[in-house]
Amino acid sequence: MSVHLWLREETKPMEHRAALSPSACKTLLEKGFQVTVEKCEQRIFDDKEYSDAGCTVVPGGSWKNAPKDAYIIGLKELPEEKTPLEHTHIFFAHCFKNQGGWKDILGRFVTGNGTILDLEFLNDENGRRVAAFGFHAGFAGTAIGLDVWCQQLLHPNEPLAHVKPYPNEDSLISYTKERLAAARVKNNGKLPKVMVIGALGRCGKGAVDYAVKAGIPEENIVQWDMKETAPGGPFKEIIDCDVFVNCIYLSHKIPPFVTQEYLDNERNLSVIVDVSCDTTNPYNPIPVYSINTTFDKPTVPVKSSNPKPLDVVSIDHLPTLLPREASEAFCHDLLPSILSLPDRENARVWTDAEKLFKEKVASMQQA
């Protein structure tokens, strides 16, 4: 019997990416998979691209009535409901690190006897994620961070109204360069100093890459990783920069990178981009804000006794700024693991994912 993959509609506002691209679906069909794709108006790929690839296209939200043996695949969270979940879902569940509401989502799977195979925890034999949006998350995060810095100079006291996805990387870079050229005039000819923490990882490399492509001089880009943060924060070096981009992978409690006390002091810092977006994580190393921002409202101000403005960008699906390129890159890396699903019982990437799900369920039930 062939493996049935059901690509569900993404319902998160402004989420334009896809867990499976039309080209990936075409490969899967050629390998004997059955692929059903839900219609989705906001997805960067047209429904017709999937039907042309040979997929069966069905109404959005119909995964609830899909055959029980179908794998329901998507990216972002499921609609907030209380109904039991009986399928095996492949997606970013955001509940394995005790994030806000983690027991609610796990409880739905326990009640329905379903399973989560979390995309965030699909690892190879070296413990490295097989597929991640990290590079494009850092890339897009720096782009928006620089845009916010420009906005503060060009239109003081007028928050960045909204951010829209770009058709390609070149158009995004051109826009940023134009904004920086105008903003530096207001800043005595100076470009911002950008600090990236987690610079050696996928996300950090994307952040640095965008800063370079946008024309930020090398001497204006501060790159830190575990070696530099080992002594423990808070770090004055952060507030000495203009834009701070946090790209770490948080796995345990660490001292905060910045504190309210630091922000009340004299500082250059005016933009924090929390690409890691551990907003509801009890160990969040940037404990100066408490909400996720959105593409419609990309920043949240931080109150401080220092009159200098400070805006936080905490969008948890940044790669959708470049949805087609980000999706194609992710699907290319994920495809080998998807192709191993017919032999799931012997594919370590999947058996480890299921084991982790069961461990998290057990910990919830013991709590």
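These figures come from a predicted structure and were not determined experimentally.
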Solution key, residues 204-216 side-chain donor-acceptor pairs under 3.5 Å, sequence neighbours excluded:
from	atom 1	to	atom 2	distance (Å)
D209	OD2	K213	NZ	3.2
Y210	OH	L172	O	3.1
Y210	OH	T176	OG1	2.6
K213	NZ	E169	OE2	2.9

Would you confirm whether R202, through its side chain, and F135, through its main-chain N or O, come within 3.5 Å as a donor-acceptor pair? no
Non-hydrogen side-chain atoms of I238 and L269 separated by less than 4.5 Å: yes
Taking the side chain from R179 and the backbone from V148, do they hold a donor-acceptor pair closer than 3.5 Å? no
Please give me the minimum heavy-atom distance between L334 and A131, naming the atom from each residue. N-CB, 3.7 Å
S276 side chain vs I248 backbone, donor-acceptor pair below 3.5 Å: yes
Students often mix this up, so state it plainly: with edges at 30° and 60°, are the rings of Y166 and Y175 parallel, tilted or perpendicular? tilted
State whether the number of non-hydrogen atoms from other residues, nucleotides or ligands found under 6.0 Å of E261 atom CD is greater than 12. no
Any donor-acceptor pair under 3.5 Å linking the side chain of D225 with the backbone of K227? no
When you compare the side chain of F96 with that of I116, does any pair of heavy atoms fall below 4.5 Å? yes
Ring centres under 6.0 angstrom apart (F330, H136): no
Pairwise side-chain contact, K193 with N268, heavy-atom cut-off 4.5 Å (strictly under): no
Taken to the nearest 0.5 Å, the spacing of L335 CG from D333 CG works out to 9.5 Å
Which heavy atom of V275 sits nearest a heavy atom of V245, and at what distance? CG2-CG1, 3.7 Å
Any donor-acceptor N or O pair under 3.5 Å, side chains Y249, R129: no
Can you tell me how far the OG1 atom of T320 sits from the CD atom of Q42, to the nearest 0.5 Å? 8.0 Å
Enclosure of H332 NE2 (heavy-atom neighbours >12, cutoff 6.0 Å): no
Step through the shown structure and confirm whether more than 12 heavy atoms of other residues, nucleotides or ligands are within 6.0 Å of CG on N157. no
Other residues, nucleotides and ligands only: do more than 12 of their heavy atoms fall within 6.0 Å of NZ on K236? no
From the list I72, T36, L29, L28, side chain to side chain contact (heavy atoms under 4.5 Å, CB included) with L5 holds only for L28
One should read off an interatomic distance between Y71 OH and L341 CG, to the nearest 0.5 angstrom, of 5.0 Å
Does any non-hydrogen side-chain atom of F257 lie less than 4.5 Å from one of M195? no
If you measure only the distance, is there a donor-acceptor pair under 3.5 Å linking the side chains of W224 and T229? no
More than 12 heavy atoms from other groups under 6.0 Å of CD on E158: yes
Only residue of E15, R324, E328 satisfying side chain to side chain contact (heavy atoms under 4.5 Å, CB included) with I44 is R324
A quick test of your reading: do over 12 heavy atoms of other residues, nucleotides or ligands sit less than 6.0 Å from NZ of K26? no
For D47 and K39, indicate whether the former's side chain and the latter's backbone hold a donor-acceptor pair under 3.5 Å. no
Would you mind reporting whether V349 and D124 have side-chain heavy atoms less than 4.5 Å apart? no
Output yes when a side-chain donor or acceptor of D316 lies under 3.5 Å from a complementary backbone atom of C277, and no otherwise. no
Roughly how far, to the nearest 0.5 Å, is CD of E41 from CD of E10? 14.5 Å
Hey, does L263 have a side-chain heavy atom less than 4.5 Å from the side chain of V302? yes
Closest non-hydrogen atom pair between S270 and R267, with its separation: CA-NH1, 4.4 Å
Do you know which two heavy atoms are closest between L117 and E354, and how far apart they sit? CD2-N, 3.8 Å
Can you tell me how far the OG1 atom of T293 sits from the CD1 atom of I315, to the nearest 0.5 Å? 4.5 Å
Can any side-chain N or O of D311 pair as donor or acceptor with the backbone N or O of V271 at less than 3.5 Å? no
Classify the ring geometry between W6 and H4 as parallel (under 30°), tilted (30 to 60°) or perpendicular (over 60°). tilted
Answer yes or no: are there more than 12 heavy-atom neighbours, outside E81 itself, under 6.0 Å from its atom CD? yes
Kindly work out whether a path of hydrophobic side-chain contacts (I/L/V/M/F/W/Y, heavy atoms less than 4.5 Å apart) joins W350 to L20. yes
Who pairs with K97 by salt bridge (charged side-chain N to carboxylate O under 4.0 Å, His left out), at least two apart in sequence or on another chain? E120, D278
Closest heavy-atom contact between H87 and A70? CD2-O, 3.8 Å
About how many Å separate NZ of K190 and CG of L153, when rounded to the nearest 0.5 Å? 12.0 Å
Identify the two heavy atoms, one from S327 and one from F45, that lie closest to each other, and give their separation to 0.1 Å. CB-CE1, 3.7 Å
Is any side-chain heavy atom of K355 closer than 4.5 Å to one of T351? no
Residues pairing under ring-ring contact (aromatic ring centres under 6.0 Å, His included) where one sits in residues 176-196, two or more places apart or in two chains, turn out to be none
Hey, are Q260 and D264 close enough side-chain-wise for a donor-acceptor pair under 3.5 Å? yes
Report yes if some heavy atom in the side chain of K12 is under 4.5 Å from a heavy atom in the side chain of R17; otherwise report no. no
Can L318 be reached from L119 by stepping across I, L, V, M, F, W or Y side chains whose heavy atoms are under 4.5 Å apart? no
Can you check whether K76's main-chain N or O pairs, donor with acceptor, with H317's side chain at less than 3.5 Å? no
Under 4.5 Å between side-chain heavy atoms, hopping through other hydrophobics if needed: is there a path connecting Y283 to I254? yes
Would you check if the side chain of N306 reaches a backbone N or O of N265 as a donor-acceptor pair within less than 3.5 Å? yes
Would a hydrophobic clustering, with Ile, Leu, Val, Met, Phe, Trp and Tyr connected at side-chain separations under 4.5 Å, put L250 with F133? no
Looking only at the side chains, is there a donor atom on one of W63 and E9 sitting less than 3.5 Å from an acceptor on the other? no
Check whether D46 reaches the backbone of K48 with its side chain - one donor and one acceptor, N or O, closer than 3.5 Å. no
